[in-house]
Amino acid sequence: MKKSIKNRLVGNFMLIILITVVILEIMLINGIKEYYYNNLETIMTNQIEFSTDFYSRYFSSSSIEDIIIDDIDVFWQHTDAQVQILTLDGKLLMDSLGIRNEENLIYPDIESAMENMKGTWTGYVPYDDESVMAVSMPLKYQGTPIGIIRFISSLEQTNNNIFQISRFLILMGIIVVLFSGLVSLFLANSIVKPLAEVTAAAEKMADGQFKTRSRVTLNDEIGRLSNTLNYMADEILKKEQLKNDFISSISHELRTPLTSIKGWAVTLKDLEDPDRKLLEDGLEIIENESDRLTLMVEELLDFSRFTSGRVQLEKDCFNIKDTISIIAKQLKPRAKDNKITFTVSMDDDLENYIGDENRVKQVLLNILDNALKFTGEGGKVSLITYRDDKNIVIEVNDTGIGIPKNDLPNVKQKFYKGKNSNSHTGLGLSISDEIVRLHGGSLDIDSKEGKGTKVVVKLPLEEVVL
Ligand code: ADP
């Protein structure tokens, strides 16, 4: 049999039902048999007691042989059963069917009667095909046992009745087993069918068909599995799209400085007698563009290190005030060129911080680079650094183009970049976020489209030595 969930479910269910039904049937049939046998025994006992008690008072003699001769008919007047009278040592004196037996009879019921008790026995006798029930009691004359009276009744009718009832019960049992088989088949199908559908959808997805969707019929475990599978496919599609966008944009980003470098290299090579100024300008552009390329490649390398978890911070104690001052100094000319007012303010109580200075620099440069990139002429960019209870807080505010509300939750994601032409690889913020996270801090962005953006970096003070 195929080892499928359906077969296992139906098989186990049927096995449990079958075992239950068989146990119940055995108990029921035994109970019924017991009931019928007890009933018959009670009837026979009553009849014997009636015969013996009532008439023993009027027995004409203390000898069992005399009683048989005088009062024989009183014993079988009130019963259809076979009646036997025996001596106290089990010798058969009289049998209502005329059966004779020279030897003493040895049956458990007779043995009980010999000990002055009622005895019952069921079993086979040589002169009947059916089993019989025998009930024996002592026959008493003025309270003293003088013989044994034994009633024997054929169990044919009783067994017949039990057989009829048992047959009915077994039939019902078979119907119950068959019915539960059908129900379990239906139940198993209701589980296996949706599972087969989910598997088919998963197989298609594994084959690269990520537009396939698994049908969600019920909100049960399988429904939730379908939802998860669909969510996974959505995410894969999104990532695929991001990857494609990233490749095309990165190619574009790499091509721009390369074109410029190549253009200037050709121009300078073709010049027969280049004047110094032109030569210097050209070489400077080549140098700047090469720096840009290097930065971009570094960002990509950083990204790959971050995604593979290979980044380790090289922590050391450094003066964060100095670091910020250096960066501010570095960016001021650029702000001036772009006609942006760039202000820097720092609390006096900032001094030493334990962290990876280069990585902190990288974060600040990236955030400030974004602020300058996305702020137009006449705009303002401010860098504010202070201490709160637990952190060193670095705030960068700009009055630039801002981030649309819908984009805001995504800007920290890898490869996510806005539609603005100033956007680059879309990796800066995700790398910065990761660096801040590795320092145990947080990076939060708040922005209003058209109004400006505020980026708040918190570096926890536990790491600060003052
Ligand atoms: P990119 O290299 O594109 O700048 P980032 O991860 O640094 O990548 O930023 C992701 C995107 O977030 C940017 O493309 C831009 O759309 C948006 N963004 C980030 N900072 C700002 C800002 N100060 N003002 C407006 N948009 C911003």
Side-chain angles (χ1 to χ4, degrees), residues 238-239 241-257 289 291-307 311 327-328 331 334-335 338-344 359-385 393-438 441-457:
K238 264 194 222 159
K239 294 265 149 67
Q241 185 62 36
L242 268 177
K243 192 187 77 191
N244 292 341
D245 290 354
F246 172 70
I247 291 173
S248 72
S249 85
I250 206 72
S251 322
H252 177 77
E253 292 296 328
L254 291 173
R255 205 182 306 131
T256 320
E289 292 299 298
D291 285 348
R292 223 174 108 192
L293 269 180
T294 312
L295 266 176
M296 236 184 277
V297 171
E298 230 138 61
E299 204 168 55
L300 283 174
L301 282 175
D302 250 1
F303 165 71
S304 100
R305 276 190 220 117
F306 274 112
T307 44
V311 167
I327 290 170
L331 290 174
R334 181 171 155 198
N338 295 351
K339 300 197 173 60
I340 294 169
T341 316
F342 182 33
T343 55
V344 181
R359 292 292 179 190
V360 172
K361 257 190 200 168
Q362 190 180 350
V363 173
L364 287 175
L365 271 173
N366 183 261
I367 297 168
L368 284 166
D369 175 63
N370 278 347
L372 293 171
K373 236 171 19 185
F374 297 109
T375 303
E377 274 188 20
K380 284 181 194 153
V381 171
S382 66
L383 169 65
I384 307 164
T385 313
V393 186
I394 304 167
E395 266 184 43
V396 176
N397 295 289
D398 69 58
T399 55
I401 57 169
I403 303 168
K405 211 172 161 193
N406 289 344
D407 291 354
L408 204 53
N410 302 322
V411 288
K412 285 200 287 184
Q413 278 180 20
K414 303 163 197 132
F415 304 135
Y416 192 88
K417 49 186 215 156
K419 310 219 169 15
N420 190 281
S421 58
N422 284 336
S423 301
H424 287 312
T425 55
L427 288 175
L429 281 180
S430 82
I431 293 176
S432 301
D433 188 49
E434 188 64 24
I435 293 172
V436 174
R437 204 183 55 76
L438 286 173
S442 64
L443 186 154
D444 297 302
I445 304 172
D446 191 14
S447 185
K448 273 211 173 80
E449 199 176 0
K451 287 255 160 70
T453 305
K454 175 181 185 171
V455 181
V456 182
V457 174

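Both counts, for ligands and for their atoms, begin at 1 and track the order of listing. Please read these numbers as outputs of a predicted model, since none were measured by experiment. Hydrogens, waters and symmetry mates are skipped; everything else that's a heavy atom, side chains included, is used.
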Practice item. Please verify whether a non-hydrogen atom of G402 lies at under 4.0 Å from ligand 1. Key: yes
Study note, to complete from the structure: L429 heavy atoms within 4.0 Å reach ligand 1 at atoms 5 (P), 6 (O), 7 (O), 9 (O), 19 (C)
Point to revise | N or O pair under 3.5 Å between E299 and ligand 1 | key: no
Check your understanding: Near G428, which atoms of ligand 1 are under 4.0 Å from a heavy atom of that residue?
Key -> 5 (P), 6 (O), 7 (O), 8 (O)
Check your understanding: At a non-hydrogen distance cut-off of under 4.0 Å, which region of L427 contacts ligand 1 (side chain, backbone, both, or neither)?
Key -> backbone
**Study point:** Rounded distance [0.5 Å steps], CG in D444 versus CG in D433
**Key:** 8.5 Å
Review point. Can you check whether S430 has an N/O within less than 3.5 Å of an N/O in ligand 1?
Key: no
Point to revise | K380 atom NZ, neighbour heavy-atom count above 12 within 6.0 Å | key: no
Revision key, fill the gap. Separation between CD1 (I367) and CG (D398), nearest 0.5 Å, reads 11.0 Å
Exercise for review: To the nearest 0.5 Å, tell me how far L364 CG sits from I327 CD1.
Suggested key: 4.5 Å
Point to revise | D302 and R359: CA distance, side-chain angles, deciding distance, salt bridge (Lys or Arg N to Asp or Glu O under 4.0 Å) verdict | key: CA-CA 11 Å; D302 250 1; R359 292 292 179 190; 2.9 Å; yes
Review point. In terms of atom number and element, which parts of ligand 1 are under 4.0 angstrom from non-hydrogen atoms of K373?
Key: 1 (P), 2 (O), 4 (O)
Practice item. Show which atoms of ligand 1 fall inside a sub-4.0 Å distance from at least one heavy-atom site of I403. Key: 18 (N), 25 (C), 26 (N), 27 (C)
Practice item. Would you give the length of the straight line joining atom CG of L295 to atom CG of L365, rounded to the nearest 0.5 angstrom? Key: 8.5 Å
Review point. Just how far is it from atom CD1 of I403 to atom CG of L408, taken to the nearest 0.5 Å?
Key: 5.5 Å
Review point. Can you tell which of T375, N370, V411 gets a heavy atom nearest to atom 7 (O) of ligand 1?
Key: N370
